[in-house]
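The structure appears below as structure tokens.
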Amino acid sequence: MTLQNGLAIAAVSKAFPPGNEWYINRSMNRRSFLRASACASVALAAGARTAFAADAMIDITAHEAGPQISPNLYGQFIEHLGGVIYDGIWVGRDSKISNIDGIRKQFLDDMKRIAVPNFRWPGGCFADGYHWRDGLGEPSKRPRTYNYWQATMPAGYDATETNQFGIHEFMHLCRLTGAEPYLAANMGSGSPREFHDWVQYCNAPVGTVSLASERAANGDKDPFGVRWWGVGNESWGCGGDMNPQEYATLYRRFVTQFPAYDPKPSLVAVGPRGHSKDLDLGWTNGFFEAMEGHHSKIDGLSVHFYTDFRNSAEKVSTFDARGWYDVLREGARMETVIEQHWATMAKYDPQHHTKLVVDEWGVWYPKGEEIAPGYLLSQPLTLRDAMHTAVTLDIFNRHADKLAMANVAQTINCLHSLFLAQGDRFARTPVYYIFEMYRDHMGSRLAKMNIQSQEPMVPSRAGSATMPGLSGSASIRDKQLTVTISNPSLDSSVTARLRLTNGAITEGKGSVLTHTEMTASNTLDHPNEVVLASFPVNIRSSQVEFSIPRHAVVSLELKMA
Ligand code: AHR
């Protein structure tokens, strides 16, 4: 095997990923692949005018019986951290920056454009020190309080919490964008009582408890109807430094007397640190073991998975081929994390009453490239991170039967952000465009997809490694098929032929996200460097032929007969 331009073809054939019947990526060497695809095209595309030498064959079986891809898999996470809430989202009612009731208008518009399904708030680590009452009432009278992230701020920058953005402002954001709220309760410095009071304040109808009258007096007569409740955050770390047994005991105390107002709650327990080397299966085992014989319901198990390069020399904005592939390969471990924790949960909950909630995910690079001092954890993301997003969202789609929700960390001015904003400057990162391209998957039914493509050998920290040539997912709704595919290769475009095993395609169009430079990025000074372009598809004898450029993500909208 030779390695040219950082890429070679591995002559191994391997199914990827194992155990997922909705998606098979069969890899083979180039010669046997071309032979197979030529035979297939003669047999299946009788009538095709000219031969189209495809590098990849994509077979899709689409019917309405696949699992539904919950829109909630495209969820967002926003925390009182650096420039996420203040400046990113909340600019204030008197701001010169275009806003609606204090919320940045451009943010609202773009959130609606991608049909944001939910926001997780107020943290993160911040949540375990947050007292919801501090964010009520006349804004100028709200207290200034300690923020967990204060200690991490650069010298001279204050991160005292002003509490200008409280539960009413948050709910207003949700209403303006059509998103569902997902609240994280304070288990660190809070109590079951404080949690239950918050539930009553949010959900009790006026005329029942005094907390409902207080909510009405603060401007919201109608209950907020919060369904999603996170019971703590990272209780193995900033949320209390507990072991799973300690957390299980506390979880039961927090949920046993959960106030019974509509809607029926979805309670999410703290789960593993998925980016640990051992995937932290010990947490999942320990927690479920400790819950055995108890009756507290657990609707979701939170998993955090960061593509964690904090302790490396990797840079956000400048990298080589090795850095490109290392980040993408590490990100693709999300699939193993989901599968392994799901299998572990099956030991205790064979019917899978508890679903997975990946409520923090994204790439985390070392400090040093923040967009401005005080904008903690902000990163000038590139095309590499957009590709990582595509690979991750395809993984979520393919595991739609296991996942109830996922939340990218975090939406603006933070780790894996869709936007950067500072004052009146605003940029959509390349990551944003992937959410736009994938929007039609939300609420559709997963279709079976079989990709046969080469499995390239790529440079890596360890010398070299293999990775899938193409990855993707497909879904169907009302005879519209949505197909998303990414080609991570820095060297080669991939020609592909896509066919339906159970029908014909009559029309199609597509969009593509790529750039000549793998390090391309949208900055506050140059916000439109990486943008979507239309993508040509060729429909021939009910099959679709196209060529995916190198380091590109494509999204196809296909009409079935
Ligand atoms: O997203 C940043 C932080 O990462 C969150 O506050 C915490 O939950 C996680 O460790």
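Numbering of ligands and ligand atoms starts at 1, following listing order.
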Atom 10 (O) of ligand 1: closest protein heavy atom, distance to 0.1 Å, is Glu234 OE1, 2.7 Å

In ligand 1, the atoms that come under 4.0 Å of a heavy atom of Asn233 are 8 (O)

Kindly indicate, with the supporting measurements, whether the criterion ring-ring contact (aromatic ring centres under 6.0 Å, His included) is fulfilled by Trp361 and His416. CA-CA 8 Å; Trp361 68 268; His416 204 99; 5.1 Å; yes

Gln257 atom CD, over 12 foreign heavy atoms within 6.0 Å: no

Need the ligand 1 atom indices (1-based, order shown) with element for anything under 4.0 Å from a heavy-atom of Trp364. 4 (O)

Distance-only donor-acceptor check, side chains Ser460 and Asp326, under 3.5 Å: no

For ligand 1, which atoms have a heavy atom of Glu79 less than 4.0 angstrom away? 5 (C), 6 (O)

With backbone taken as N, CA, C and O and side chain as the heavy atoms from C-beta onward, which portion of Phe126 lies under 4.0 Å from ligand 1: side chain, backbone, both, or neither? neither

I need the nearest protein heavy-atom contact for atom 7 (C) of ligand 1: residue, atom name and distance, please. Glu360 OE1, 3.3 Å

Per-atom contacts, ligand 1 versus Phe77 - under 4.0 Å to a heavy atom: 1 (O)

Tyr201 and Asn218: side chain donor to acceptor below 3.5 Å: yes

Donor-acceptor pair between Asn397 and Tyr438 side chains, under 3.5 angstrom: no

among protein heavy atoms, the one nearest atom 2 (C) of ligand 1 is Gln410 NE2, 3.6 Å

Below 3.5 angstrom, do we get any N/O pair linking Cys125 and ligand 1? yes

Does one side chain, of Arg120 or Asn233, offer a donor that lies under 3.5 Å from an acceptor on the other? yes

When you check the side-chain N and O atoms of Asn118 and Asn72, is any donor under 3.5 Å from an acceptor? yes

Among Tyr148, Trp149, Tyr306, which one has a heavy atom closest to atom 1 (O) of ligand 1? Tyr306

Would you check if there is a donor-acceptor pair between the side chains of Thr145 and Asn163 at a distance under 3.5 Å? yes

Heavy atom under 4.0 Å from ligand 1: found in Trp361's side chain, backbone, both, or neither? neither

